[in-house]
Asks: 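Structure incoming, see below.
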Amino acid sequence: MNPPRTDARRHHDPDVRGFASDNYAGVHPEVLAALALAGGGHQVAYGEDAYTEHLQHVIRSHFGATAEAFPVFNGTGANVVALQAVTDRWGAVICAESAHINVDEGGAPERVGGMKLLTVPTPDGKLTPELIDRQAYGWEDEHRAMPQVVSIAQATELGTVYTPDEIRAICEHAHAHGMKVHVDGSRLANAAATLNVPMRTFTNGVGVDLLSLGGTKNGAMFGEAVVVIDQDAVRHMRHLRKLSMQLASKMRFVSVQLEALLARDLWLRNARHANEMARRLAEGVRAVHGVEILHEVQANAVFARLPHDVSERLQKRFRFYFWDEAAGDVRWMCAYDTTEDDVDTFVAALKEEMAR
């Protein structure tokens, strides 16, 4: 007996928008078109396809002649694989206390990757050489995990952005201690848009060894990549990717999305728009009495403090998350498809709820 036929149909209202995460946004039409272009026919599996090969040329145009991309399924996978490649079994990674690898990856770097995270409290999510030194010691002490990597996020989990000079100082300091530098770049495009410089200016141009390159938050359906800049800094990337269950058999469908974003300027257009909407949101919120903006808005995130009951009522109208519920802190994210009307409608709703 044939199974009953079920016709595909839309199960959501595409006009509903929120400010919970840039992951909530759909797939950019140009990325969808690229996926369709890659379909049909046969291509060699596990990354030996024409699309993954061409992606390498695109990556080198952004990150230098030595760069090599290893596409993976998701951001946590990218971070775990990247950090495994630059740590020994007894190794440790220095990161900000608020870093995504410490707070939002379910313990995967430590439990799956097998390295120790050495965290440092930061007021704005950014490390400095002085803050790194709080954990950069004890290399010869067998009782302590050995610091081998400094991991920073660009943009940070608090929406702040490192300048090229700040990352250069971190790289020089880390390298002087024999440590590598990894960048969690899930929102690397947003940082480049804010700084108005190419991504190479604050990665390979200042000494970064490897990075996790985001695609999903910037318009892709799925897929990120580990980008190795210093080939001498890493070991056995291909084996680690497979061991970590991040090797896609039909890799062409990951690679073609990254190509669609990076080959021209789609990555930058999307990031600039998301950043602009965040600035518009912050400007509107600042005019609302009783609402405090917590951090400088440098990428596509706005962090604010407001009465808890107001947030709860507002959440019934728009999706967003508490950042620190006890303190009343919330995070509002903008995406490549956030519109001016979305922002203005949200600000108007916030004013209404604050006035109740």
Side-chain angles (χ1 to χ4, degrees), residues 17 19-31 34 58-64 67 69 75 78 100 124-126 152-168 170 183-206 208 211-221 223-225 227 229 257-285 293 295-303 331-340 342-343:
R17 306 291 176 85
F19 295 86
S21 173
D22 35 10
N23 286 320
Y24 279 39
V27 183
H28 194 281
E30 291 180 39
V31 175
V58 175
I59 289 294
R60 290 181 191 118
S61 72
H62 288 284
F63 301 106
H100 197 274
D124 56 1
K126 294 164 67 174
I152 63 174
Q154 177 76 321
T156 74
E157 281 299 290
L158 299 182
T160 52
V161 172
Y162 288 91
T163 67
D165 285 343
E166 287 172 331
I167 298 180
R168 185 192 304 276
I170 288 171
V183 172
D184 180 347
S186 64
R187 296 187 178 95
L188 201 71
N190 299 92
T194 292
L195 296 169
N196 197 30
V197 297
M199 290 184 287
R200 70 176 70 89
T201 304
F202 54 86
T203 54
N204 57 298
V206 294
V208 169
L211 60 93
S212 303
L213 179 64
T216 309
K217 292 178 172 61
N218 201 28
M221 180 183 292
E224 326 284 300
V227 178
I229 296 171
Q257 294 180 73
L258 297 172
E259 179 188 350
L261 287 169
L262 296 167
R264 294 184 177 85
D265 67 343
L266 180 58
W267 67 277
L268 187 56
R269 281 188 280 129
N270 286 352
R272 280 178 173 165
H273 178 79
N275 290 2
E276 288 169 4
M277 292 302 98
R279 288 194 292 271
R280 184 183 185 92
L281 176 59
E283 289 169 5
V285 167
I293 301 293
H295 304 290
E296 185 177 358
V297 178
Q298 295 183 312
N300 60 325
V302 178
F303 290 82
R331 185 191 74 168
W332 298 318
M333 297 296 303
C334 295
Y336 81 88
D337 62 348
T338 303
T339 67
E340 293 183 356
D342 294 335
V343 172

Asks: Within the 4.5 Å heavy-atom criterion, are Val343 and Phe19 side-chain neighbours or not?
Replies: yes
Asks: For a quick test of reading the model, state the closest non-hydrogen atom pair linking Val297 to Arg279 and the distance between them.
Replies: CG1-N, 4.3 Å
Asks: Could you check whether any side-chain heavy atom of Asn23 comes within less than 4.5 Å of a side-chain heavy atom of Lys217, counting everything from C-beta outward?
Replies: yes
Asks: Heavy-atom distance under 4.5 Å between the side chains of Asp337 and Asp342, does that happen here?
Replies: no
Asks: Can you tell me how far apart OG1 (Thr338) and CG (Asn275) are? Round to the nearest 0.5 Å.
Replies: 11.0 Å
Asks: Any side-chain heavy atom of His100 sitting closer than 4.5 Å to one from Arg187?
Replies: no
Asks: Roughly how far, to the nearest 0.5 Å, is the CG atom of Asn190 from the CZ atom of Arg272?
Replies: 12.0 Å
Asks: Would you compute the distance between atom OG of Ser186 and atom CD of Glu157 and round it to the nearest 0.5 angstrom?
Replies: 6.5 Å
Asks: Backbone N or O of Ala335 within a donor-acceptor pair of the Asn300 side chain at under 3.5 Å?
Replies: no
Asks: Hey, are the side chains of Ile293 and Val285 touching, using non-hydrogen atoms and a 4.5 Å cut-off?
Replies: yes
Asks: Report the relative orientation of the aromatic rings in His62 and Trp267; use parallel for angles under 30°, tilted for 30 to 60°, perpendicular for over 60°.
Replies: perpendicular
Asks: Closest approach of Ala278 and Ala301, non-hydrogen atoms and distance?
Replies: CB-N, 4.1 Å
Asks: What's the verdict on side chain to side chain donor-acceptor pair (under 3.5 Å) for Asn204 and Arg60, showing C-alpha distance, side-chain angles and the deciding distance?
Replies: CA-CA 10 Å; Asn204 57 298; Arg60 290 181 191 118; over 6 Å; no
Asks: Atom CZ in Phe63, atom CG in Leu262: separation rounded to 0.5 Å?
Replies: 7.0 Å
Asks: Which pair of heavy atoms, one from Ala299 and one from Ala155, lies closest together, and at what distance?
Replies: CB-CB, 3.9 Å
Asks: Using every non-hydrogen atom in the two residues, find where Ala274 and Cys334 come nearest and quote the distance to one decimal.
Replies: O-CB, 3.5 Å
Asks: Determine whether Ile59 and Leu213 satisfy the following criterion, side chain to side chain contact (heavy atoms under 4.5 Å, CB included), listing intermediate values before the conclusion.
Replies: CA-CA 10 Å; Ile59 289 294; Leu213 179 64; 3.8 Å; yes
Asks: Nearest 0.5 Å, please: how far is CZ in Arg280 from OG1 in Thr339?
Replies: 9.0 Å
Asks: Any chance you could lay out the side chain to side chain contact (heavy atoms under 4.5 Å, CB included) test for Leu258 and Val58, step after step, and finish with the verdict?
Replies: CA-CA 9 Å; Leu258 297 172; Val58 175; over 6 Å; no
Asks: Kindly indicate, with the supporting measurements, whether the criterion side chain to side chain contact (heavy atoms under 4.5 Å, CB included) is fulfilled by Leu261 and Asn270.
Replies: CA-CA 9 Å; Leu261 287 169; Asn270 286 352; 4.0 Å; yes
Asks: For the residue pair Glu296 and Thr160, confirm or rule out a side-chain donor-acceptor distance under 3.5 Å.
Replies: no
Asks: Step by step, work out the side chain to side chain contact (heavy atoms under 4.5 Å, CB included) result for Thr156 and Tyr162.
Replies: CA-CA 8 Å; Thr156 74; Tyr162 288 91; 3.8 Å; yes
Asks: Taking C-beta and beyond as the side chain, do Thr201 and Leu195 meet within less than 4.5 Å on heavy atoms?
Replies: no
Asks: Looking at every non-hydrogen atom in both residues, tell me the closest pair between Ala20 and Arg331 and how far apart they are.
Replies: O-NH2, 3.0 Å
Asks: Is there a side-chain contact between Thr216 and Glu224 in this structure, where contact means two heavy atoms from C-beta onward sitting under 4.5 Å apart?
Replies: yes
Asks: Measure the CD-CZ distance between Glu30 and Arg269 for me, rounded to the nearest 0.5 Å.
Replies: 4.5 Å
Asks: Ignoring hydrogens, what is the shortest heavy-atom contact between Gly219 and Val31? Give both atom names and the distance.
Replies: O-CG2, 3.6 Å
